[in-house]
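The structure under discussion appears below in the form of structure tokens.
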There are 2 protein chains.
Amino acid sequence: MATLKEVAKRARVSAGTVSHVLSGNTPVSPALRKRVQDAIAALDYCPDHVARSLKTGRTKTVGIVIPDITNPFFPQIIRGAESVFWGRDYSLLTLNTDDDLERERRALAFLRSRQVDGVLLIIAPNRGDVSHIRRTLEAGVPVVCLDRESEGLEDVDSVSVDDMAAAKECVSHLIAMGHREIAMLTGSLSLNNVRERVKGYKEALREAGIPSSCELIKEGDFRKGTGTRLCHEAFAAKRGRPTALFISNMLMTMGALEALTELGVRCPEDVAVATFDGFALPAFFRPAITAVVQPVYEIGRLGAEMLLQRLDGGTQPPPVHRKLAAELQVRESTLRAFKNTLAPARK
Amino acid sequence: MATLKEVAKRARVSAGTVSHVLSGNTPVSPALRKRVQDAIAALDYCPDHVARSLKTGRTKTVGIVIPDITNPFFPQIIRGAESVFWGRDYSLLTLNTDDDLERERRALAFLRSRQVDGVLLIIAPNRGDVSHIRRTLEAGVPVVCLDRESEGLEDVDSVSVDDMAAAKECVSHLIAMGHREIAMLTGSLSLNNVRERVKGYKEALREAGIPSSCELIKEGDFRKGTGTRLCHEAFAAKRGRPTALFISNMLMTMGALEALTELGVRCPEDVAVATFDGFALPAFFRPAITAVVQPVYEIGRLGAEMLLQRLDGGTQPPPVHRKLAAELQVRESTLRAFKNTLAPARK
DNA sequence: CTGAAAGCGCTAACAT
DNA sequence: ATGTTAGCGCTTTCAG
């Protein structure tokens with residue numbers, strides 16, 4: 001592989017001059033510029049990004065740390081981020097944590113040794129331990145939190161969805177369809193956006209004058225198998241079967257659907273199902289599933305732009321916490337009007 | 001950020017000694033080792049991977065170039081590859097081409113300037129133009145082709161699926177269920193694995209003594225919208241409606257399903273549907289979809305291992321072309337026995 | 001406008 | 001076993 005020096009020699013100029021025509025920051029006479037460009041072409045020269053990084057102290061690489069690229073929710077976030085970095089000569093280093101705190105620690109340490117300029121982070125459940133994130137910050141690497149927020153990270157930029165409002169709207173829809181026994185299958189409650197969804201759920205019930213019961217709230221972890229288990233639990237409850245399921249993501253919904261089949265419970269005849277998610281999937285199930293659709297691509301795009309601003313290093317505004325709106329898409333799975341036997345007498 | 005030199009100074013040893021305890025390649029007395037380790041801990045020192053790369057000429061980074069991370073087929077390949085690289089201190093740089101040759105060229109050029117040690121590549125349709133890949137190879141960067149192969153790349157390692165056998169098995173199943181008018185919705189025919197599937201399709205028909213017609217083979221591009229369009233075309237054909245659809249991936253299948261709904265054609269009552277794919281998705285549709293399931297994770301894992309072998313630079317074996325077997329999973333979408341009106345008179 | 005030169009942080013001979 | 005040193009390929013003052 002040809003080096004800059006070889007280009008310089010062939011063009012009979014100094015290394016500095018080659019560098020100048022490459023960067024365009026310093027004027028170079030047309031004659032020399034031409035010679036340099038010819039030499040570059042002749043040698044098929046390609047600047048060594050590693051050497052450049054060492055010299056400039058910037059790698060033009062950002063890490064993106066996500067739970068699992070295999071969950072269709074996250075790739076769209078990555079594409080959103082990629083759309084802003086691609087073309088600006090940045091690379092994205094993707095790392096999966098499987099929502100495991102230890103893996104998140106390792107991922108951050110890894111990115112630090114790789115000298116990334118910044119990090120986009122979807123935090124794993126962390127019972128308040130954000131020391132590893134603080135260490136990244138202290139090393140001068142800006143972080144932007146995506147999709148989820150965390151205690152102790154109030155000074156870190158974030159972009160997420162207004163989960164509370166979205167959950168409330170969805171549950172209100174369920175209530176409007178006549179449901180009162182609405183079971184909620186959630187992700188880990190140590191995730192603040194999951195807690196926001198629970199808040200929205202409770203708020204909707206409160207407004208409708210329906211007492212909420214913690215028996216109806218089943219904590220899970222966004223995995224398919226857990227959806228199956230929690231759904232079985234919900235239907236085994238002493239208080240009677242729920243008439244609606246409000247589930248925190250599509251993977252768990254897929255699991256719950258399996259459980260329903262096993263139980264011989266039909267949707268939407270016997271139970272309504274609504275889910276959180278950002279992917280087109282819910283529309284393809286039969287019945288098509290009512291979903292709170294999050295602007296995933298936009299989360300990635302906006303997060304990347306916020307990070308870029310921190311990287312460009314002008315005057316830095318105080319930390320920003322952007323909240324995006326989700327959209328409720330009502331489909332067959334909740335469209336059957338339900339007359340709850342437990343409902344109060346109608347006037 | 002502390003540097004190795006600062007560690008050396010604090011431990012009152014030379015830079016070389018610090019490097020030695022870091023790498024473990026050269027023996028260091030316990031006393032000094034201890035001092036160095038203490039200094040590392042005290043300074044929260046973290047080796048600068050960029051400097052190391054510049055010195056050693058190896059970045060321990062490999063690029064993975066795929067069509068689209070948003071297509072659920074590909075993330076699993078990435079995870080398979082990640083499973084071998086993670087823990088060996090390699091990073092994976094993921095780039096999307098959207099199956100566009102120009103983007104693939106840019107991606108490869110980008111990876112070259114990033115000095116990656118190797119590339120895992122899922123090639124875009126390329127009418128035989130592999131010059132950009134050749135250039136990567138000539139720069140000394142080994143490439144392993146995943147999932148697809150290409151003309152002119154016979155000397156490049158590859159791991160893919162035995163598409164011909166898999167397609168043949170699937171179409172034979174369709175034939176066994178009584179179908180004779182089987183439309184095939186394919187990806188780009190300039191992809192050799194797509195052509196293999198067509199071969200398998202034709203072979204199955206031939207064995208069953210059914211004449212194949214190119215009217216029934218609709219070339220597409222793996223996109224959802226294209227699935228919709230091709231499905232409409234297939235049902236508008238003069239020769240009459242197909243009774244079965246054999247589709248090359250899940251995205252196109254989702255599109256085709258939409259078209260069927262629009263056409264008022266029911267599956268499996270009016271038409272059978274079978275798809276190629278590697279994801280659990282087909283099982284969740286109603287009806288559940290018969291699918292040729294490819295070992296995606298394994299494709300990524302094996303490809304990564306083959307690349308690693310090229311990277312380790314021992315004696316290099318000749319190029320390897322691994323073929324993995326796919327598995328036919330029969331589900332409701334093809335399980336209704338079909339009596340084709342065009343079928344030959346029964347005895 | 002162009003060239004010379006000093007490193008960025010690290011590794012790997014090579015000397016001691 | 002430990003220290004010294006010469007770069008890896010590039011950018012960036014600073015002189016001229």
Side-chain angles (χ1 to χ4, degrees), chain A residues 1-40 43-61 89 112-117 139-141, chain B residues 1-40 43-61 89 111-117 139-141 313:
Chain A
M1 189 60 155
T3 72
L4 178 141
K5 230 181 224 165
E6 300 175 74
V7 173
K9 192 195 291 182
R10 186 176 228 274
R12 285 164 293 130
V13 299
S14 73
T17 304
V18 177
S19 184
H20 293 150
V21 344
L22 247 30
S23 71
N25 294 336
T26 313
V28 175
S29 74
L32 286 201
R33 155 171 291 113
K34 173 88 172 64
R35 287 211 323 253
V36 168
Q37 282 164 342
D38 288 351
I40 287 176
L43 265 34
D44 190 22
Y45 169 72
C46 170
D48 184 330
H49 185 87
V50 172
R52 187 176 281 174
S53 296
L54 180 61
K55 183 66 193 175
T56 61
R58 309 185 65 222
T59 53
K60 289 208 154 208
T61 300
D89 205 38
R112 218 178 116 202
S113 88
R114 291 281 173 159
Q115 312 292 124
V116 296
D117 294 340
V141 179
Chain B
M1 189 61 155
T3 70
L4 178 141
K5 230 179 222 163
E6 300 174 76
V7 172
K9 192 195 289 179
R10 186 177 230 272
R12 285 166 292 129
V13 297
S14 73
T17 304
V18 178
S19 184
H20 293 151
V21 344
L22 247 31
S23 71
N25 293 337
T26 313
V28 175
S29 74
L32 286 202
R33 156 171 290 112
K34 173 90 172 64
R35 290 218 312 263
V36 169
Q37 281 164 343
D38 288 351
I40 287 175
L43 265 36
D44 191 23
Y45 168 73
C46 170
D48 184 330
H49 184 86
V50 172
R52 188 176 282 176
S53 296
L54 180 62
K55 182 65 191 175
T56 61
R58 309 187 64 223
T59 52
K60 287 206 156 211
T61 300
D89 205 37
L111 290 175
R112 220 179 115 201
S113 87
R114 291 282 174 159
Q115 312 293 124
V116 295
D117 294 339
V141 180

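Atom set for the values below is all heavy atoms of this structure, side chains included, hydrogens, waters and symmetry mates excluded. Below, read A as the first sequence line, B as the second, and so on, with proteins coming before strands; counting in each chain starts at 1.
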Taking A:Arg114 first and then B:Asp48, would you say they form a salt bridge - that is, a charged N and a carboxylate O separated by under 4.0 Å? no
Test side chain to side chain donor-acceptor pair (under 3.5 Å) applied to B:Ser113 - qualifying residues, sequence neighbours left out: none
Nearest whole Å is fine: how far is D:dT11 P from A:Arg58 CZ? 14 Å
To check you understand the geometry: which heavy-atom pair defines the closest contact between B:Leu22 and B:Tyr45, and what is its length? CD2-CE2, 3.9 Å
What string of B, S and - do you get for nucleotides 7-16 of chain C, 5' to 3', if B is base contact, S is sugar-phosphate-only contact and - is no contact with any protein heavy atom under 4.0 Å? BBBBBB----
Taking the side chain as every heavy atom from C-beta outward, state whether A:Arg52 and A:Pro47 have any atom pair closer than 4.5 Å.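 With C-beta onward as the side chain, the pair touches.
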How about A:Ser29 and A:Leu32: do any of their side-chain heavy atoms sit closer than 4.5 Å?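 Heavy-atom side-chain distance check passes, below 4.5 Å.
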Name every donor-acceptor pair, under 3.5 Å, that has one atom in a side chain of residues 5-13 of chain B and the other anywhere in the protein, sequence neighbours excluded.
| residue | atom | partner | partner atom | Å |
| --- | --- | --- | --- | --- |
| B:Glu6 | OE2 | B:Thr3 | N | 2.8 |
| B:Glu6 | OE2 | B:Thr3 | OG1 | 3.4 |

Quick test of your reading: applying salt bridge (charged side-chain N to carboxylate O under 4.0 Å, His left out), list the pairs with at least one residue in residues 17-36 of chain B, sequence neighbours left out, ordered by first then second residue.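 Those involving residues 17-36 of chain B are B:Lys34-B:Asp38.
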How sharply is the helix from C:dC1-D:dG16 to C:dT16-D:dA1 bent, taking the axes over five pairs at either end and rounding to 10 degrees?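 Taking the rotation axis at each end, their angle is 40°.
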Any A:Ser14 side-chain nitrogen or oxygen under 4.0 Å from OP1 or OP2 of C:dT2: no
Going by number, which of residues 26-38 of chain A have a non-hydrogen atom under 4.0 Å from DNA chain C?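 Within this stretch, A:Thr26, A:Pro27, A:Val28, A:Ser29, A:Leu32 sit under 4.0 Å of the strand.
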[X] side chain to [Y] backbone, donor-acceptor under 3.5 Å:
| X | Y | result |
| --- | --- | --- |
| B:His20 | B:Ala15 | no |
| A:Thr61 | A:Thr59 | yes |
| A:Asp117 | A:Arg58 | no |

